[in-house]
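Encoded as structure tokens, the structure appears first; notes follow it.
Here is how names work: the chains are called A, B, and so on, in the same order as the sequence lines, proteins then strands, and each is numbered from 1. Source: prediction; values computed, not measured.
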2 protein chains.
Amino acid sequence: MARSRPRSGPTMHDVAAAAGVSQATVSLVLNSASGSRFSDETRQRVNDAVQQLGYRTNAHAKTLREGISGIIGFLGDAVATTPFAGKIIEGAQERAWEDGLLLLTMNTGGDKALESASLDSMLSYKVAGVVYAGMYHRRLDVPEALEAVPSVVLNSQDRKLRLPSVAPDEELGGYTATRHLIEAGHTQVAMINIETLESELPAAVGRFNGYTKAMTEAGIPVSSGLVRFGTGNEDDGFTYATELLTSGNPPTAIFCANDRTAWGAYQAAAELHLSIPGDVSIVGFDNQETLAPHLRPGLTTLELPFVEMGRRAVDLILQGAEPDGRVEFMTCPLIERNSVTHPKEKP
Amino acid sequence: MARSRPRSGPTMHDVAAAAGVSQATVSLVLNSASGSRFSDETRQRVNDAVQQLGYRTNAHAKTLREGISGIIGFLGDAVATTPFAGKIIEGAQERAWEDGLLLLTMNTGGDKALESASLDSMLSYKVAGVVYAGMYHRRLDVPEALEAVPSVVLNSQDRKLRLPSVAPDEELGGYTATRHLIEAGHTQVAMINIETLESELPAAVGRFNGYTKAMTEAGIPVSSGLVRFGTGNEDDGFTYATELLTSGNPPTAIFCANDRTAWGAYQAAAELHLSIPGDVSIVGFDNQETLAPHLRPGLTTLELPFVEMGRRAVDLILQGAEPDGRVEFMTCPLIERNSVTHPKEKP
DNA sequence: ACGAATAACTGATACGAATAACCATTTGGC
DNA sequence: GCCAAATGGTTATTCGTATCAGTTATTCGT
């Protein structure tokens, strides 16, 4: 026998009937911010009936009446499925829930038609706003329909500078990483970047600028012999780290612009029988949780503040998020592990 | 000047007015499954008005009328934030969207109060069903409220055997992994598991049973000297692989019950100057995308069918998902890379 | 040429909750 | 003792859509 499955639960009318009052009374008792006046006895009866019937307010009726729902749209090109950016959703969700809101999520995988259709669907649910999240930090084109509600671009920037954006402060991150190495006493600090600067990838450009700034500030000239441009994978990390470490004047420290590159550098050091951090200190970037803590020694790296960014984006939406084109840059904290120490004394 | 922000778009009445017809006509023209009859001219006028006004149906009004929404709830203990299980959401979302549905997601991080409250909220949105996803494969206790709608337990199993569940076929996976090694000619096949069998972790128990089955089937006795129980991290992989490989009668192949353990085994092999797969073949489990393809050589491993499981769970919900307690086990495909070859000829 | 059938559309209503406007008792002030 | 104010509710309406039950106007069969 198929279990009976009451599709629609009790309504306020049912509660009203059970409590012997009118539907309006139920509504007022349930919502009144202590404003309206009912006898304690009536309140009690209503609440009892609610409990007993297992009444749950119908969010759609409420939304229909009020015009705006308790839902925020989360539209990403691949966020939920990208290994280390799921944290973005976590942050957004947390913040939304603090105001009792839920997230209606959709990953488009970059498919513009799907993006448009699902955004449409979200809008038909009268979402309170939309978070438009990029899988990695870049400048992107945003669907126009987003302007119908408060929207925020997350982990990317609106190319047209219309919507407000929340992105990591890559430059400060690069600066912090480099500064950390300089403060440990290093002067021969190399950098292996994850893209050429022409790519205009904010991560590559920003992290490099931060590196340059820290070096310059410390009075250390940036030598092109100490800078390499890879593509962000461990092969390039291996290749360029090997190149750097076997050169005539090897660096005592390498800032790798992402963790995978740093992993390659670890492999290069192992191959050359150099110890980390004894012979060479390494700093990564991303704090990829399946990698950085598991390397030996643990990789000191910069964390992308995904949770915080997610929170902040929803925050802005809840504040009304006017389309002022402002970009908010968030600090990447340094996660210290064991891949950095002071350089060896020169013999 | 603040941009004007029309909070509620045009309604059917607006469209009706613009097209010079009644609201009922608009509704019928827009929805009619070719059932009702209107002149082509009227249809045209309605569609034009829809286009021009940018009309979008109000999903809440529709839901209120119809009693069920185009939303499916996705409740997970940590899925969206777990590195390699985000794929689950991807699959669920894909399948849902094929029927025009969206996912209302919530990660509870295991917090029962939060779980209950957010489930409540989902139910108040009259979701068409709920996917209750576990972060890793286990038996778990399911909130009772789930029985109010079609619900499916995903990547885990309902301990009470009420709700239908979708989970990976761990045993078949372990069998496939071991069989793969045996077919390559190995007879000395070790296994490093990720938990003791007492833990009742389906992954540990199932994979071990699969290993045993394949060995037995091939007429190879399972020697306890070839089996180790770690905790699934690379340290244990390193320790036990070292132990196995330096023993009197070392295995020519190791089945590691997850990729991180395999990573540890790689490190052990490197330390012992053994080549993979030349001296020892390795098979992992999980196909962790940030790890398995990046190891050198690429790790042959079993993939957890997250996308497929996500799809299947939504599928079941769309079919009505009666609470029959059935568990559907899904096949873990073998992903071949370069960590397996035939064993060296004995000199 | 007349009733029936058909085509093309409209009016009214219900879904469930929120709320403005109203009504009926008490209580209070003087 | 009478009007005003406070107390404790209720009625009616609205949100936007779907749909049942009509209502015209036209066409058809005989």
Legend entry - Nucleic acid contacts - residues 14-22 of chain A versus DNA chain D, non-hydrogen atoms under 4.0 Å: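 Within residues 14-22 of chain A, the residues near DNA chain D are A:V21, A:S22.
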Without decimals, in angstroms, what is the distance between [X] [atom1] and [N] [atom2]?
X: B:E66; N: D:dT17; atom1: CD; atom2: C1'; answer: 8 Å
X: B:H60; N: C:dG16; atom1: NE2; atom2: C1'; answer: 14 Å
X: B:K62; N: D:dC15; atom1: NZ; atom2: C1'; answer: 17 Å
X: A:R65; N: C:dA20; atom1: CZ; atom2: P; answer: 8 Å
X: A:N58; N: C:dA18; atom1: CG; atom2: P; answer: 10 Å
X: B:L64; N: D:dT14; atom1: CG; atom2: P; answer: 16 Å
X: A:Y125; N: D:dG16; atom1: OH; atom2: P; answer: 17 Å
X: B:R45; N: C:dC9; atom1: CZ; atom2: P; answer: 8 Å

Inset, instruction - Identify all stems in which DNA chain D takes part, counting only runs of at least 3 consecutive pairs (Watson-Crick or G-U wobble, each distance under 3.5 Å), and give each as one range with another, ordered by first number. - result: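 Listed by first number, the stems are C:1-30 with D:1-30.
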Has [X] got a side-chain N or O lying under 4.0 Å from the OP1 or OP2 atom of [N]?
X: A:N31; N: C:dA18; answer: yes
X: B:T11; N: D:dC15; answer: no
X: B:Y55; N: D:dT17; answer: yes
X: A:T42; N: D:dG8; answer: no

Inset, instruction - Name the closest nucleotide to the A:R37 side chain, picking from C:dG11, D:dG9, C:dT19. - result: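 Among C:dG11, D:dG9, C:dT19, the one nearest the side chain of A:R37 is D:dG9.
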Legend entry - Carboxylate-amine/guanidinium proximity below 4.0 Å for B:R45 and B:D48: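 Here B:R45 does not pair with B:D48 in a salt bridge, since their nearest N and O are not under 4.0 Å apart.
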Inset, instruction - Look at the side chain of B:Q23 and the base of D:dA18, then say whether one donor and one acceptor between them are separated by less than 3.5 Å. - result: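 Check passes, donor-acceptor contact within cut-off.
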Check the surroundings of atom [atom1] in [X]: do more than 12 heavy atoms from other residues, nucleotides or ligands lie under 6.0 Å from it?
X: A:E144; atom1: CD; value: no
X: B:R159; atom1: CZ; value: yes
X: B:E98; atom1: CD; value: yes

Inset, instruction - Report yes if the side chains of B:M106 and A:W97 come closer than 4.5 Å at any heavy-atom pair, otherwise no. - result: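 They are in contact (side-chain heavy atoms under 4.5 Å apart), so the answer is yes.
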Inset, instruction - Classify the ring geometry between A:H60 and B:H60 as parallel (under 30°), tilted (30 to 60°) or perpendicular (over 60°). - result: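 Tilted.
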Inset, instruction - Using the closest heavy atom to pick a nucleotide of DNA chain C for each, name whichever of B:S39 or A:M12 lands nearer the 5' end. - result: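 It is B:S39, whose closest nucleotide lies nearer the 5' terminus.
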Inset, instruction - Tell me yes or no: between the side chains of A:S22 and A:T25, is some donor less than 3.5 Å from an acceptor? - result: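 Present: a donor and an acceptor within the cut-off.
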Legend entry - Flag, side chain of B:D14 to backbone of B:T11, donor-acceptor distance under 3.5 Å: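 Present.
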Inset, instruction - Look only at the side chain of A:Q93 and the backbone of B:T105, and say whether a donor-acceptor pair between them is shorter than 3.5 Å. - result: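 Checking the backbone N and O of B:T105 against the side chain of A:Q93, a donor-acceptor pair under 3.5 Å is found.
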Inset, instruction - Applying side chain to side chain contact (heavy atoms under 4.5 Å, CB included) between B:M330 and each of B:L304, B:V166, B:D169, report the one that passes. - result: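 Per the side chain to side chain contact (heavy atoms under 4.5 Å, CB included) rule, the option paired with B:M330 is B:V166, out of B:L304, B:V166, B:D169.
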Inset, instruction - Just call it for B:H13: base, sugar-phosphate, or nothing, with non-hydrogen atoms closer than 4.0 Å on any strand. - result: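 Here B:H13 touches the bases of the nucleic acid.
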